[in-house]
**Student:** 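Handing you this structure, nothing more for now.
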Amino acid sequence: MPKKKLQKEFQSPKGMRDLLPQDAAFWDKVINVGQELAQDYGFQKIETPLIEDAELFIRGTGETTDIVSKQMYFVKTAGNANLALRPEGTPGVARAYMENGMASLAQPIKLFYYGPMFRHEQPQAGRWRQLYQFGLEIFGDGSAVLDAQTIQFCFHLFRQLGLKKVNIQINSLGCPQCRPAYRRALLDYYRHRKEKLCPDCKRRLKENPLRLLDCKEEKCQPIKTQAPASVDHLCDDCRKHFKEVLEFLDELEIPYFLNSALVRGLDYYTKTIFEVFWDEEGASPMALAGGGRYDNLIKDLGGKPTPAVGMAFGLDRIVDLMKKEQVKVAQGPNFKVFLVQLGAAGRKKCLKLFEKLHQAGILAAESMSRDSIKAQMKSADRLGVKFALILGQQEALDNTVIIRDMQSGVQETVPQDKVVDELKKRFKK
Ligand code: AMP
């Protein structure tokens, strides 16, 4: 007997998933609120490719950062090009700013984007390998007011999404003038405690000392809390800038926490950095958004020195939270009528009537492929529409349609070309 060929059961790649129709209303809500708010704040939309030259991230995001050194997806092509799937949005948007001559337009340039990012992380709750971010970037202006505006955007976004338990943490990392002295102070402090550090921190000590402050290991916590703070090593310019950012936030009455251990995972940050967390009793805080100033990125990528500030929030975690917090979102279209058809001629006329109603702005639900009138009436009932429009063989011949009031059961036959006016009249009542 010939062997039965085993069918392979395809699954989405590990750490990646389908965004299903039952969640679509939540995703749409976050994107729509983000987009509307961004436009109200003067941001314009930009879309950049999902794939870029890998070097853009190595030089931009930073060679020693986790998302580049450990988590980047390289793309194999026949031509052997050195491409990578974007692990984050900022370097691509910065490249687009330079490549499209935006530096010669009136500054600042305020852009927003959203879409998938790719990080080969260990999947767990709220951590995906294909994750979705929405981000803002402001190029060409170093004013502290723009740092504050970026945080203001975050604050109002979460409010509008019905997520109130957010906590904004802020710090300043200084600039290339004052950071080296801070780095030395940090190294000096940690070197004296090297034996007590976890293996990861021993590596960070060599490769990326600022990330020492990011350590979550229990044994490193007492060392971390006593570590020198970057805010105590800021030069005059950075101190003044940070003070201004905080004053703007105070003026806006936006609550924040100064966190001297906040460093963020990316290399390009200067001056202000911030992160927005979700606080839940009994659980460790979950990062929902993060951002900061990156005045050297464009220069590091080969452009003219251009100050910039930005932030990104993660849609996956926000959608999960909205569901958990039972935030109300509009579920699908608000159907006004149900089209019930019977027989081939009725179905044809119904298809046409559907289009006519749609053009008149009357949303009609239907179940065109069904034959049973009973099943169709049941669907109409379930949807809670006010009227069913019934079109059978006879109505198709007479160019009429039956309007049935779903509550009273009263039916009236009207000419097909009068049905829109008749419905409008009834809806007015
Ligand atoms: P980052 O670009 O790392 O600063 O991340 C910004 C935001 O994106 C975070 O605050 C998270 O909400 C979200 N995020 C980052 N990594 C992941 C991931 N692997 N899965 C889901 N969301 C993520």
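Numbers here are sequence positions counted from 1. First listed ligand is number 1; within each ligand, the first listed atom is number 1.
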**Student:** Answer yes or no: is there an ion pair linking Glu280 with Lys324, defined by an N-O contact shorter than 4.0 Å?
**Tutor:** yes
**Student:** Between Asp295 (side chain only) and Ala308 (backbone N and O only), is there a donor and an acceptor less than 3.5 Å apart?
**Tutor:** yes
**Student:** Is the closest N or O pair between Ala289 and ligand 1 shorter than 3.5 Å?
**Tutor:**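 The answer is yes, given that Ala289 and ligand 1 share an N or O pair closer than 3.5 Å.
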**Student:** Please report which non-hydrogen protein atom sits nearest to atom 20 (N) of ligand 1, along with the residue it belongs to and the distance in Å to one decimal place.
**Tutor:** Trp128 N, 2.8 Å
**Student:** Tell me: protein heavy atom nearest atom 17 (C) of ligand 1, and distance?
**Tutor:**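 Checking every protein heavy atom, the shortest distance to atom 17 (C) of ligand 1 gives Leu131 CD1, 3.6 Å.
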**Student:** Could you tell me which atoms of ligand 1, counted from 1 in the order shown, lie closer than 4.0 angstrom to a heavy atom of Ala312?
**Tutor:**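 Listed by number with element: 6 (C).
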**Student:** Quick check: does any side chain N or O of Ser172 sit under 3.5 Å from a backbone N or O of Phe242, one acting as donor and the other as acceptor?
**Tutor:** no
**Student:** For atom 19 (N) of ligand 1, which of Glu121, Met286, Gln130 has the closest heavy atom?
**Tutor:**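 Nearest option to atom 19 (N) of ligand 1, by heavy atoms: Glu121.
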**Student:** Any chance NZ of Lys165 has more than 12 other-residue heavy atoms, nucleotides or ligands included, within less than 6.0 Å?
**Tutor:** yes
**Student:** Under 30°, 30 to 60°, or over 60°: which ring-plane class applies to Phe134 and Phe313, parallel, tilted or perpendicular?
**Tutor:** parallel
**Student:** Please list the nearest protein heavy atom to atom 22 (N) of ligand 1 with its residue and the distance rounded to 0.1 Å.
**Tutor:**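 Going by distance alone, atom 22 (N) of ligand 1 is nearest to Arg317 NE, 3.6 Å.
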**Student:** I need the atoms of ligand 1 closer than 4.0 Å to a non-hydrogen atom of Gly314, numbered in the order shown.
**Tutor:** 7 (C), 8 (O), 12 (O), 13 (C)
**Student:** Write out the residue and atom name of the closest protein heavy atom to atom 5 (O) of ligand 1, then the distance separating them to 0.1 Å.
**Tutor:**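 Residue, atom and distance for the closest contact: Gln133 NE2, 3.2 Å.
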**Student:** In the protein, which heavy atom is nearest to atom 21 (C) of ligand 1, and how far is it?
**Tutor:** Gly126 O, 3.2 Å
**Student:** Over 60° means perpendicular and under 30° means parallel, so classify the ring planes of Tyr294 and Phe139, tilted if in between.
**Tutor:** perpendicular
**Student:** For atom 10 (O) of ligand 1, tell me which residue out of Leu321, Ile318, Leu288, Thr61 has the closest non-hydrogen atom.
**Tutor:**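 Considering heavy atoms of Leu321, Ile318, Leu288, Thr61, the nearest to atom 10 (O) of ligand 1 sits in Leu288.
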**Student:** Evaluate the side-chain proximity of Ile373 to Val340: yes if any heavy-atom separation is below 4.5 Å, no if none is.
**Tutor:** yes
**Student:** Tell me whether Ala287 has any N or O atom under 3.5 angstrom from an N or O of ligand 1.
**Tutor:** yes
**Student:** I need the contact type for Arg119 against ligand 1. Using non-hydrogen atoms and a strict under-4.0 Å cut-off, is it side chain, backbone, both or neither?
**Tutor:**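 It is the side chain that touches ligand 1; the backbone stays farther off.
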**Student:** CZ/Phe43 to NZ/Lys110 distance, rounded to the nearest 0.5 angstrom?
**Tutor:**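 One gets 4.5 Å once the value is rounded to the nearest 0.5 Å.
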**Student:** Could you walk me through whether Thr48 and Glu52 pass the side-chain contact (heavy atoms from CB on, under 4.5 Å) test, one step at a time?
**Tutor:** CA-CA 9 Å; Thr48 61; Glu52 297 271 2; 4.2 Å; yes
**Student:** Under 4.0 Å from ligand 1, counting heavy atoms only, is it the side chain of Arg264, its backbone, both or neither?
**Tutor:**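 The part of Arg264 near ligand 1 is the side chain, not the backbone.
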**Student:** If you measure from each heavy atom of Arg129 to ligand 1, is any distance below 4.0 Å?
**Tutor:** no
